Every structure is written in structure tokens, then in C-alpha cells.
Amino acid sequence: MLGVLLMVVPLVGAVAIALSPSRAAKGIALVATLAGLGIAILAAIDFSDWGTGGWGLEYNLPLLPAMGISLALGADSVSMLLMLLTTLLMPLAILGSWTAVSDRLREYYGWLLLLSTAMIGVFLARDLLVFYICFEFTLVPMYFLIAIYGSTNRAWASLKFFIYTFLGSLFALAGFLYVAWANAEHAGAWSFAIPDLVHFASTGLTTGEQGWILLALMAGFAVKIPLFPVHTWLPLAHTEAPTAGSVLLAGVLLKLGTYGLFRFVLPMVPAAVVEWAPFMGVLAIIGILYAALICWVQTDVKKLVAYSSVSHLGFCVLGLLALNPLGLQGSVLYMINHGLSTGALFFLIGMMYERYHTRDMGTIGGLGSKMPVWSFFMVFFVLASVGLPGLNGFVSEFLCLLGTFAAGGTGAYPGVLGPWFAAAAALGMVFAAMYLLLMVGKIVFGSLREPSGVHSDLPADLNAREILVLVPLAIGCVVLGVQPDFVMHAIEGSIADTLASYPTAVTDATEILVGRGGMP
Amino acid sequence: MSLLASEAFSQASLAHAILLSGALLSIGIAGFLSRRNLIVMFLCTELMFQAVIVAMVAFGRWYWDFSGQVFVIFILTVAAAEAALALALVVLLYRRRSTLDAEVWTELRE
Amino acid sequence: MTPILTFIPKLSMSAPAVPVSDAIISPNLSWAGLILLLPLVSLVLCGLCAAMRVKSKLPAVITAASLAGAFVTSVFLYLNYEPPGEVIPLLDWMNLTWGEGRFESFTANFSLYIDSLSLLWIMFVTGLGTLITIYASEYMEPDLGKGYSRFFAGVSVFLFAMAALVLSDNLLMLYLGWEGVGFASYWLIGYYFERPAAVAAAKKAFIVNRIGDLGLALAIYLIWTTFGTVQYDELSTIFAAGSMNPEFEGWTTSAIPFLLMLAAFGKSAQLPLYVWLPDAMEGPTPVSALIHAATMVTAGIYLIARTYQFFLLEPVSLHVIAWVGGLTALLAATIGMAQHDIKRIMAYSTVSQLGYMFLGLGVLTTYGAAYHVFTHAFFKALLFLTCGAIMHGFAGQLDLRKISGLRHMKGWRITAWTMLIGCLALAGFPLTSGFFSKDAILAEAFVTQGPGFEILGWMAIFTAGLTAYYTFRVWFRVCAGPASFEPGDEQHDDHGGAFHPHAPRFAINMVLVLLAVGSLVAAVPYFMSNQADDRLVGGWVADMVHDSPARGGIPGFSETHAVHAIADSHEAAAHAGEAAHPTLFGMDPHAAMYWISGTVGIVGLLLAAWLHLWRRSAADAIKAWLYSQFWIAWLPRAMERKWYVDEFYHAVIRAPLWILGHIFYVFDRFIIDGVCVDGIARIPRGVARWLQPLQAGAVQSLAVVMAGGAAIILLLMALFMQFGWFGGQV
Amino acid sequence: MTERLWFLIPEFVVLVGAVSCAILGVSRSVTVRRSLPIVAFITLIIAFLASSYVYSPASMEIAIGPGAVPLPWLGRVVIPVVVIVGVLLVMVQAGFIDRSYEGEIAAGEARFNPLRTSRGEYYAFFLLSLCGLMLTAAAPDLVWLFLALELTSLPTYVMVAISRNDRRAQEAAMKYFFLGALSVAIFLFGFALLYGATGTMELMAMKDVLVARAADTGSIGSLATLGLLLSILGIAFKLAAAPLHLYAPDVYEGAASQVTAFLGFVPKAGGAIALMLILSVTGWMDDGGMLPDPILVTLWVMAVLTMTLGNIGALLQTRIKRMLAYSSISHSGYILIGIIAGPGAGFVAVLVYLLAYGIGNTATFAVLSSLRRGDCEVESIDDLAGLREKHPGLAWAMAISAGSLLGFPPLLGFWGKLLLFIAGVASGHLVLVVIAGVNSAISAWYYLRMVALPLTGAASSASGSIERREYGGPRLAALASVVLLILLPLLLQSMMDESADGVLSLEELTEVQQSQVAAVYDLP
């Protein structure tokens, strides 16, 4: 029941907001999200399958028995973590927009709460259609958040965001439906239960079919991640979105794509993944380097951080494609870490924007002397993002790359990437330092430059509320940087499950090559 | 259906009737597409209906089956109803524009 | 299997699990964690001071106390130390296991690995750290209440990271320290963050270091994929298992040392990655002394010493190190000769001296390198601190042409004379510590066989002469001669009225004296007896190095130990045995080197004295003459412009990347987003516009299209049926 | 045979209602004239109740008895669907026709003249058309099918013409009528050929002949194929499917919004049902039966063309009704997927989709019917900009109905589309489904404008003069539709069950009936 509660609480909050006067909206939203966080923590404490790969929070309500569709919820450790990340970011997002949003409050907080429901739904879904519905539904609140509360080019940005991701996910839907149908043909009854379909697809489909399904699913998830070259909606959406929108977009919504990869693509179509991993790996690497260089020449801070997401998520994808526990561990950690650190960066940029109404590094800079606390956090999260050891970014980046590097054929999990992939991607570490330090060097350091005019009645430096938003994220960064172990042990089982068909799939693929004389 | 029937109505007769029907239909369509007078256009649709009627009767005769002819009665009835409707419409249109030219009605496009 | 797979050496799947290492796990020594903990505590307290806007010297006191505590702990650790090494587990970091086999776990914890090498380093790091903190407490006075806490917090971070680097028991924690010191360096170089030059220098330092870090990261990946572990003790065990290990073949073992080398070159400012170090002088002088002279920059030496076994597997890597070191030493010395900013001269001299150390590593004398690190730490810190004192006193004046005769000024005697001691040591004046440590390296260049090592040796000797020259150029210009000065352009408290130099007070002077004494006393360990193996030369430092993976680079150490089973052949050839020991002027190279380097040093010194004390005008005349001769003018000009290395990097790496970034951005916006995405999105509208005439308005035109469409479909179907394209269905 | 009249009780009810409306419409009493929508409403409700009474297990025996139809239980689903959408449409119509004339009477400027009023016949036509739609579902032979389709269409021609006193309405009526007559001729000719090929008008008998012929010769013969193709193409006009869709934009734009709402659903539903029935003659509802390839290819091409042309056509439009017309064309394309997917899942999907589309379509037009600029209708889509500032409820209704038409979860439209897609995939037409998916994404482009302008846009000077109509019927319809769009997914399972019952073929229904008899009489 906790799982349903997690989804229902924000929904109830949204309804309550719709029914109450607009000055109460913030408060209700905060209470609802805090309640959600509380429930999530309770659920995490209650969850007994940390580390084992088992499922908790299970709930099943048949919706459409004829089609085997049901409101099936459940969480393994990875879902649990991402759900915790979501519920953590939600109250922060609401606190972070406390003063930034002054117009159409009820809709704003209502949409945020609906977004929360949908995001949690994605992570908890145990039914393919529930997953798909929530996955799609995240678009709506985000669309409105951008289209109503965005900056100048918001209409175009929101439209592009919506249609781009919608088109991608329709392909994914086609793929899902094909799997469901094939399963129905095979089993004699329709089912959309994820375990059934995953099991069936990985064993019952030919490599050719798997390849098509991989393409279809990737059309949906790659856009969401976003993987080069289908990333161009992201910078636009990020630049135009309000702060909380950017935070949730970077913090959670992008993870829906990698989560989809983790939950569906990898276990469903192992043979195709083995076949396509090098190609996707190359795309990820191009994304890492290409986006990093683009970051380097940005003048708009928010765009810079947006492109950095493209670059960072490339590591995440690479880790997944490593097809070994190291890479997957790194990748799952990356999802969480990127949510914390990039989320925080967007918060910080939002705080700056609220004060100066500019994001242009040409007109603003040297805030270190005027906003020391803000600058401290800025530098801190930039370092977390750069991957300074001791902070969270390092652990995940390191494991992703080590996994990719090791995916050359040693150990129990032979992969299909290898050292050259890792070496090329590792260049991204240097580039990350280049563009992020450039940003810090411009907006934090140097002599003070600020646009004239007062735009806000906030104090010059951060106030207690804003610090309160950042501190949990900072604590998260440090804890996950110094003690990633507990997370890694917690997700071991789920990762092993996801990888269950891999050693064989890779070996089979290589054996076929050997048979063809493709082996050097 | 009986042998008698097919003796009385040879395959050639059927073919002739169907050819006639096809010709009527073609003429109707061609007229419909080429004439701009609303009344003539309507008459062309009537011509098409007649084509159907001819075919129906011919097939009914061929199969010695009355349903073809029954259908014809219904078609005639409906055609009459349509004629009433059409003429009312034409009057309405003529009142508005004082012309029967169909080409003047091009306000709704693209 | 893709070709990529074949790059990884084949491993027998039945490879035995990692044998128990010979290092002792000593949880009862966990108090050694204090060395890491104390700087962290100090960091937190300094952070609190900053948050509470403390205006006293409290942060300095806290930091000095904690560093002193760390130093004392290190000394205790040394006293408690028993060979061959101890692992002290502190805290778990990453422990992944997904199977039973060798390549099915990844472990990297916060554990300390104590052997004599790490002890050597940690003692001088914490010791010097304490002294320099005391010095800085006075030096940073003008910033009291402003950046004072931030400064000492940065020092604490640095000491923590450096301790982690030195004491780590695995490569990953080393990496943590490695990046940590880079970050601390970023922090402290950028201390005056309102100065664009400082920010740029800080960024440059971090990024260039990151390139090195990239090498280290890749090396770690390679080491793990090859050996299945990144922990020193397990690696030692694998090496101890001898040459039969299949891991020791294939490209990986050859690549590892080169990647490590890249890391070391980045951190220790060697060619081609040295460019950040001179710029790093934008930081406060204590930082330059601590980080950019004495401790952090020696991390590269430490790394190579720590992983020396990998280098012994691949002789070419050692040759490369030797040559890079030698060339860096020469190049930096030539640049140093042409600079006027005394701090920059010291910076280039640091690069140059680091080059010597790498030369030492390359010619198989880890002991010499380590010893030079040790002595250099004292005298270079001393020199920087004296420069800092001058800078502090003369409002940021660092131009050696604008200050003269310091030793005659009131209150500056201690500075002048301690600087002399530092200069002597740096110049390798006989019987100073620098003399012995440099000799240990130079001589070995003639002993060890290698490609052109003899040339390298002579080159290094020539560089030693240059070193003596430019060192004393500074001293004779600044400290000797007639007393005169021009103040720098820094704002000082006493504006209005004439400028008065602030002579250093107690804290600075005390530290200077202590370091001067240290510079002299650092010669003593050379003569201390060897406890570990009395066949060794090199005294206490050799002892310290002996109990470490770097022992392969101790001259005279020919004990056939299992560790060196693989390296033996190479080592034997290199050291070529006592019998075939090469000679220099008929003498043992070590003995000969005393004379040669002493002479060269004195010659350099005299040259400097002539040009910069007795006939200063002659120096200017020579310089003018050099610049006037077109055939040679490029030389001093290139030396002054640092051999155009910065410009080279800018043109070859930075600018192309920058342009590429812009091209990508344009490509992204206009090609991918504009043409592809928006273009595809425009297709439906375009098609619709193209089809719009179908909807022409008149009822006939609609009827034509409708009837025509229906007719086309009918015709097509009829055709299909006619040609039987529908199989037997029709 | 006469006992089959039993199944026509709902249609009789509607017929009686229609006649009553026509009579009551010329009453001198304003109250009586005003009560016409209520009469229509009550008629529909009674028809609904009658249908659930008529299609009961007890009458199953009659259904499978002599004179059986291919889908004997179809009326059981179609009538409720028609009633639900019909009720919503009645609300949309309420208060609209004869408004100015009634206003004059109320103001005492005019006296009541039965010749000038058209309210009575308007509601009569409305109900007659619905009656035709219901009759379509029950058609056992071609004659009936023809008459039912004509009964559906003919009243709509009049409704378009009298919907508003505007040149465009008359132009629309003209085009609609003439092109409609052309299409009727086409499918009638097709019927004639079918008759010629089989010698019978009854669908079941026709099927038997064709199946036997296919078993003999391997195909149903070119005459029958040609007849089917012509019938399909002619019926495509009712469905507004390519290439006979071209009239739709003009007609939808010309008619008043209230009538457009009607046109968007009723003929389309009639066309879809007629297609299902006419295709049954190929015998594809039998075990192992499939469509002959030419038919399948034609339907396939029509589906792709219809959804694509509809969607890309809508992209260019600035006038909202025209845009919705194109959107309704694209929905015909989606419906064709269900038809192609065939008996069973495909037909179920078509029926559910018809309901979803009908409600969503009605909701959008209900919103448009609630708005006016002066005395005119809302024309440009930009007129909706900033609608929420004055009329938030209507803006939200517009957004939600657009979302449903787009097929966005969790609204009803999504489930309809999902069922269509599933049916498409399950029948092996994955490519068609992918094309439909791409089309959905294209349609997002213009549907989002319908969401974005009212909700996120700022009111312009043009849109500022938009006001709400005085009468509340359309608003009520919008509210009811939106509620249905949100809540009906909860009943999806029962909707699917009902639909599945509705599309049981004769043999399947016979089996069901026999098993029920077995249950009742406890037979083995």
C-alpha cells in the first residue's frame, strides 16, 4: 500500500491545491511533498530486499484483466533509490521556487505535484502500461511548467520538448506492444506485467526481432536521456524552464531514460544489446566529448549546465553498456549523483537568476565577493560535477569508466566495449574540468560585474531557505562520495538480475563470430 | 433461379445491360465533374442512380431474384427524397447568389 | 569477438585467488588515521571560522596545531614502524564483489599503507606543512578577517589530500589524494580570486593536472583489468609471484608505466605539462613554497617510486623518464636564467630540479630521486619563503632589478643570509645538502646503461652550472650590492607618505632560520649508517626507499629477490655489476661527481658574481649584445618567453578545441537541431502545403480529386489483380 | 422473420421521438418549443433502456434465428455509444437553433409563425439521423444498409443548411449534398456489383456464396472484389477517409459548431459500422477467414493516407473548425486500423475508439459552441489565446479534450488508441501502427496549440472580445464530456467486455447461446 500512497499523496495534494485559495498552494505543496518524502523514507526502512534484488512495495490492482493490464507497483532497490531521489528533490524544488514564482501559483504547484506522481509511478511501475502512462504523463506537467513559467522562448521550447519526446516514446510503445503481443501469442493470454514480458522477450524472441525492439525502445529512451544526436531539445528546454522545472528535468526526468535502459532494454533484448552496444557506446562517447566542447563555448550559464547533462549522461549510458556489474553500479550511482549535483547547480543558477535576471556570463561575474555562501555552494557542486574524488560524482564516473574499460573480455562478465571506449570517454573528464571551471571562473571569481537594477527583494547572499534547499543535496554529495558502499551493496542484487542473461548473450554472440571466422 | 430464367435472359443480354449501366454511370460521373450548373449536376447524380437501377434489375432478372427489383424501388424512393432536398437546396442557393453556377461557391477552401 | 577484446591479455580463468599478501594488517595502528583526521578537523574549524567571520589568527593557530599533531603522529608512526609494511584499515569506501574469482571484485578502501617510502614523504610533508603554516600566519596578516580562514582551510585540505596520497593503500585513494592536492592547489592559487591572472592560473593548473589525472585514471583501469586489484599489497604479492604470471605479457603492462608517467609529469610539472607551475606563482607565497615547491609537485616522484615495479617491467619507460627529466631540467634552467621575477625564477628552478628527480628515477636511482626530493623540499621552501618575505615587505615587488643590497638593510639580515644558504644548497655548493643529493643522481646517469645516458649526464652537469648561475643571479642582485629598492604596486596599510618596507617579524624569521638549518642538516642522512642492508650506499634515505616497491632503484642493491624476478634481467644489464662499473676520468663516478659538480657549481656562482655583483653593467651589455645579433638573438628571446610553450599549447590544443567547440555549437544549433530536427519537423507542413491545391474550393474540383483518387485505387487494384501480385487470392 | 422486429424497438422509440419533435416544434407554446432538447434527451434515454432490454440473453435465440445478421449483437453496443454521444450532442445543440427568431418572439417583435420556425424539424432530423445510425448496426442486407446510411446522411444535409444563416453554411450544405450523392452512387454501384456477383442481397447468404467460391477457385472473383472495393470507397465518404475525405474540411467549417459536432461523429460511426458489416461478406469473421489482398491493401492505403493527410492538413490551419475537421479525418485513419485488424480485437477497438473520439470531439465543439464573438462563432484558433483568463473552465475543457483526441494518457482517447494499436500489432500490422504513432506525434503539434493557446497564451486584442454564450447547454456538454474523458477509463474493462459481446459473430453468439442454454437447463 505504501507504493500507492506514494503516488496518491501528491495527487491528493494537487487536488487540495486546486480546491484551495492560491496563497495556500505553496504550503500544501510543501506539506504534500514532505509527507511523500516521509513515506518514501518509511518505505525504504521497511524495504527488506536491499541488496538481494527482491521486490517490495508490491501492489496489484487489475485494471483490464482481458489485456492483462493492472496497476502493478513494486520496487527493487534501484527503483527505490530513484524514488527516494525523486521524493527528496520534490520538497526542495518547492522550497526553491518559494519566491521565484509569483503568478498562477495553484497551477504551478499543482503541476509539480502531478509531476511527482508521474515520476514515482515510472519508478514503481511493474506493469508496462503503467510505466508507459507515467512515462508519458511526465511530459504534461513539464510542458506546462515550461510553457507558462519559462522565459522568453518558452512556447517553442515546450512544444519541441513535448513533440520530440512524445514521438520517441510512441516508437517505444510500438516496441512494447510488439513484445506484449508476441508474449500473448506465446503464452496464450495477454499480459503487460514487466517480469513476464522481460522474461519472454529475452528468451522467446529472435535476435532480429530483438534488434527492432531495441531500436524502438531506444527511440523512446535515447531521446529522454538524451543521447547524441537526439539531444537538441534538452538545452532549449532547460534554458527556458523555471528553476524547479530544470531541477526536476535534470534530476529525475533524464533518469527516466537511463532507468528505461536499465529496466527494459538491458534485460529484455540481451542479444540485440550485445550487437548494438558498440554503436550506442560510440554515440555516448560522441555525446560526452561533443557536448563538453559545446559547453565550453557557452555564455549562458544554464545552457552550459544543460549541455553538461548531455555529456554526463553519456557516461551513464556507457556504464550501462559495459554490461558488467562495475559499469551498472557506476551507472545507477550516476543517475543519483547527477540528480543531486546537477539539480543543485540548477538551483544555484536559479538563485542567481532570481536576483539578477540574467544568466549571461558576459554581464555577470565575480560574485564570490558579493555572495560568498552562494559561491561556496557553487564551487562545491561544480566540484561534485567535475568528479572530484571524495564527492559523489567521482565514484560513479570512475565505476562507469572502469566498467567500460573492463568490458573487454575479462572476468565473469565479458562485455563488448573495451579500453578504447573508456579511454575516449575519459577525455570527457578533462573537458568537464575545462568548461565547469570556466564557468566558475567567470561567475564566481574575478572582479565583480553585475547588471544594474534590483530585481528581487531577496538579500544579496542566500537566505536561510535557500541554504536549506542546498544543504541536503550537499550532504548527499559528500555521503555518496565517501560512503558509496552502502548504496552499491544495496543495488547489487538488482544489478545481478538485470545482467542475468548477459554473460551468455555475449558469449553466444562471440561464438557466432568465431563460427563465421570473424575472430582474429 | 431456374433454367428457364437463364434461357429467357441470356448472358449476352446481361452483358448488354451491364454495359448500359456502366455507360450511364460514366456519363453521370463525367457530367457531374464537367457541368457547373447545379441542376445539371444533380441530374447527373440521378443518372448514376439510374445506372445502378439498370444493373440491379439486370442482375435480378439474371438470378430470377426479386430483391434486385425491390432494391430498385427503394432507390427510386430515396432518389425522390434526394431530389426534393436538392431542389430545396438549389432554391436556397439561388436566392443567395442569383446564379446556379457551382463555381461561385468557393469561399471554403484549403 | 571484436578485435578490441584481444587487447586485453588472455587470462587463464583458473587463475588462483590473490594470495595473502606479506603486508601486515594492523588495525591497532588506526591512530595513524589522525594524520588524515587532524587536517580535516582543521578544515572544518577553519570553515566555521569563515562562517563566523573570525578576525583573529585563530585559523592559523588551529591549522598549525593540527599539522603539528599530524607531524608528531607521523614521527610516532615511524618509530613504531616495522618492515616490510603495514596496512591500516580506516574506513570502507568501495567494496564490490560479484563472484569468487580474481576479476570479480573491486576493492578500494580508506586504508593506510605504511612503508618507509610513505613514512619518508609524510614526515617531511607534515613537518614542512607545519613550518610554512606558522610562516603564513604572519604572511597572511593583511587578509585577517577576509580570506584568512579560507587560506588556512585550503592549507588543511591540501595537507589532508597530500596525506591521503602518500599514505593510501590503494591506487584509488591515491587518486583521491592526487586530485585532492590538485583541487587544493586550485583553491590556493586562486586565493586572490578577484585577480583575473590568479583565476586563470588556478584554472590552468587544475586542467593541466587533470590531463595528468586522466593518465592516472587510465592506468588504474589498466591495472585493475590486468591484475584484478588496485591495492599495493596485493599488487606486490602478484609481483612477488614472479615472472611466470601471464599478466606480465601483452600491451597492458607496457602501457601502464607510460600512463602513470603522464600522471606524474602533470603533477610534477615535467615536459610537456610543466606550463602550469610558473603561472601557479599567482598564489600566496607560502602556497608556492608548500605546494609548488616542497610537497605537491613531488607527488609525481612518489607515484613513480610507489609503482616502480611497473616501470621495471618496461625499460623503455625508464629511458623516457630519464630523458624527459633531463630535458626539462635544462629547458627550465634556461628559462629561469632569463626571468626577472624572482618568484618565477624559483618556479622554473623547481621545474628544473624536478627534472633532476625524474632523471634520477629514470637512471634507476630512486634513492637519489627521493633524497633530492627531501633536500629540495627544505631549500626550495626556504628560498620561496625568503622571496615571500621580500614580496611581503616590499609591497609585492619581485623584480630582481628593482631591489638590491638587502643584506645591508635593517631587519632583513636574517632573510638575506638564510636565502644565501638556500641558494648554496640549490646551486649544489659543496657540502650542502643539495650537493649530495644532486650528485647521487648525476653519478648514476654515468653508471646506468641506457640510450644516451652519458650525454644526459653531461647535460645534467651543464644544467647544474646554469642552476648555480641563475640562483646566484638572484642572490647577488637582491641581497648583495648597494642597498636600494622600489616598492611594488600592491596596496599596503601605510599608504600616504613614503613607503617603508616591512621587515619580517618573529614567525617568519623563525621559520626561515629553521628551514636554513634544515637545508644544511639534510645532508646528514646521507652519512647515516644503513640499518637495512649494510651493502647499500646512501644512508638513511636509501634505507627508507629500500623497504618499498622502489627498491629496484637503489644503486648497489643487487639482492636477487623474488620481487625482481622479472626486472632482474633488465636491472642486471642496467647496473651491469660492480666489476664492469663504468668510470669517469678514471674514478668511480660517485667520487668523480663530487669534484665535477662542485667545480661546475662554483663556476656558475662566480659567473653570477661577476655579472650581477661586481660588473652589473657587463650583464646588461652582454644581454644587449645577444639581442643585437640576429643569429643568436632568438635564444635569449625564446628563453625569456619560456620557449613559447604556452603559445604552442594555445595554438595547438586550446585554440583548435575552442574553435571546434564553436563549430560543434553551430553544428548543433543549425545542422542537428536546425536542419535535421526542425527540418524533419517541417516535412509534414511542407507536404501539406504542397497538397493544399487539392482543396481548391469548387465542388467540381473536390469531386475530381475524390473520384480520381477512387479511380486510381481501383485501377491499381485492378492492375495488381491482373498481374496476380496478390498470390492466388483473386 | 417478423420476430426480428423486436430488435428494432429502440429505433422505433427514436423514430417516435423524432416525430414528436417535429410536431412539438410547431407548438405555439414557448415552453413546449423549449422543451425539445429534453424530449430528444428523454427519447435517447428510453432508447438506451429499450436497447438493454431488447438485447437480453432471452432474445439471443431470435438473434441467431432466421434472417440473422453478421454481427447480431452489435446494436447492444452501438446503441449505448450512440446514446452517450447523442445525449452530449443534444446538450450541445440546446438553445442554439432559431435563437434569434425566438428572441424576437420573446421581445414581442415577431409573432410565432410555424413556417418560420425550424427547431422542430431540426431535432427531428437530429433524432432521425441517430436512428439511421442505430439501424445501420442492425442491417442484415444491402437494402437495409443503404437505407440506414441514407437515413443517417440525408437529415445531416438539411441540418448543415439550416444551421446558421450564413453563406458558408449553404456552401457547405451544397458541397456536402452533391459529393454525398456522388458517393452514394459509387457505393450503390458497388452494391449492384456485389449483388451481381452473388445473386443475393443478404449479407450472410452473400458470405456463404463468396466463401464457397473462394474455397473452389481460390478467390472471391473479380466482380465481387470490384463491388467490395466500390462499396468501401463509397462508404469512405461517410467515414471521411481518403481519398473521399476532401469535403470534410469545407463542410465542417461551413456548418455551425453544433452541427459540426454532430457531423464529426454520426456519419463517421455509420461509415465504420457499415464497413464492418460489408466486409463480413468476405467471410473473414469465420475461423481462418481473412480479407482478400486487394481489399486489405486498399484499406491499408486508405488508412495511411487518411491519417497522414488529415494530420498534415491540420498543421496548416488557422481556423479552428477546419483544423478539427482535418483532425477528424485523421481519426478515421486510426479507426481504419481497427477495421483492418479485423473481427474481435480490432472491432472492439473501433467501438471503444468511436466512443472516445465521439466524446472528445463533442467536447471540443461544445467549447466552441459556448463561445461567441458578437453574434458570430469563434473562427481563428488564435481567438482562443488566453481563454483561461476569462473562462478557465472552458480553457481546461478544451485542453483536456485536445489531450484525449491526441491520445494522451490517462484520458479515454489514449485507451482507445492503445486498443487500436494493440489490435493492429496483434493482427500483424506493426508498420501501420508505427505510422499511426508518427502521425500521433505530428498531431501533437496542432493539438498542443489547442492546449497551449487557451492555457498558456496571453489574451490578444482579438481574443479579448471573445465572450461566453448565454445559454448553458454547450457548457454542460463540455463539462460532462470532460468528466467522461477522465473517468471512463475506469470502466474500460466493462466497455471492452460489452464491445466484445457486441462484435460476436453469429457462430460465436450461437456458441454462447448454447452454453447459456446448457447452463439454464443444466445440460451436459
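Every value quoted in this text rests on a predicted model; they were computed, and no experiment measured them. Proteins get letters first, then strands, A, B, ... in listed order; numbering begins at 1 in each.
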Pairs of heavy atoms under 4.5 Å with chain B: top-ranked of D/A173, D/A192, D/G180: D/A192
I need the minimum non-hydrogen distance between D/F189 and B/S21, along with the two atoms involved. CE1-OG, 3.0 Å
Among D/L246, D/L316, D/D141, D/T198, which residue forms the greatest number of heavy-atom pairs with chain B at distances under 4.5 Å? D/T198
Between B/V52 and D/A185, what is the shortest heavy-atom contact and its length? CG2-O, 4.0 Å
Residues of residues 248-260 of chain D with any heavy atom under 4.5 Å of a heavy atom in chain B: D/D250, D/E253, D/G254
Which bit of B/A86 is near chain D, if near means a heavy-atom gap under 4.5 Å: side chain, backbone, both or neither? both
Where do D/Y195 and B/G60 come nearest, in terms of heavy atoms and distance? OH-CA, 3.2 Å
Which value, rounded to the nearest 0.5 Å, describes the distance between B/L89 atom CG and D/Y176 atom OH? 13.0 Å
What part of D/A172 gets within 4.5 angstrom of chain B, counting heavy atoms only: side chain, backbone, both, or neither? both
Where on B/I18 is there a heavy atom nearer than 4.5 Å to chain D: the side chain, the backbone, both, or neither? neither
Is it the backbone or the side chain of D/L188 that comes under 4.5 Å from a heavy atom of chain B, or both, or neither? both
I'd like to know whether D/M201 forms a side-chain contact (heavy atoms from CB on, under 4.5 Å) with B/M56, so could you lay out the CA-CA distance, the side-chain angles of the two residues, the decisive distance to 0.1 Å, and finally the verdict. CA-CA 10 Å; D/M201 289 285 179; B/M56 287 281 189; 3.4 Å; yes
D/N165 to B/R96 - nearest heavy-atom pair and separation: OD1-NH2, 3.1 Å
Would you indicate whether the side-chain heavy atoms of D/E150 and B/E82 approach each other to under 4.5 Å? yes
Side-chain contact, heavy-atom cut-off 4.5 Å: B/L85 with D/Y157? yes
Chain D: which of B/T77, B/I53, B/V104, B/L38 shares the most heavy-atom pairs with it under 4.5 Å? B/L38
Between CG of D/L230 and CG of B/L25, what distance do you get to the nearest 0.5 Å? 8.0 Å
Where on D/L151 is there a heavy atom nearer than 4.5 Å to chain B: the side chain, the backbone, both, or neither? neither
First locate atom CD1 of D/I186, then atom CD1 of B/I29, and finally report the distance between them rounded to the nearest 0.5 Å. 6.0 Å
Working for ring pair (Phe, Tyr, Trp, His ring centres under 6.0 Å), residues D/F146 and B/F71: CA-CA 9 Å; D/F146 163 68; B/F71 203 156; 5.5 Å; yes
Should the heavy atoms of other residues, nucleotides or ligands under 6.0 Å from CZ of D/R168 be counted, would the total exceed 12? yes
Under 4.5 Å from any heavy atom of chain B - which part of D/F191: both
Nearest heavy atoms of B/L93 and D/M174, plus distance in Å: CD1-CG, 3.3 Å
Looking at D/K175 and B/T106, would you say the former's side chain and the latter's main chain have a donor-acceptor pair under 3.5 Å? no
Yes or no on side-chain contact (heavy atoms from CB on, under 4.5 Å) for D/T200 and B/D65, after CA distance, side-chain angles and deciding distance? CA-CA 8 Å; D/T200 174; B/D65 178 64; 5.7 Å; no
Under 3.5 Å, which donor-acceptor pairs link side chains of residues 41-51 of chain B to any protein atom two or more places apart or in another chain?
unit_1: B/T45; atom_1: OG1; unit_2: B/F42; atom_2: O; d: 2.4
unit_1: B/Q50; atom_1: NE2; unit_2: B/E46; atom_2: O; d: 3.3

Taking the side chain from B/E107 and the backbone from D/E171, do they hold a donor-acceptor pair closer than 3.5 Å? no
Looking only at non-hydrogen atoms, find the nearest pair between D/Q170 and B/L92 and report the distance. CG-CD2, 3.8 Å
Residue B/F74 excluded, over 12 heavy atoms near CZ under 6.0 Å: no
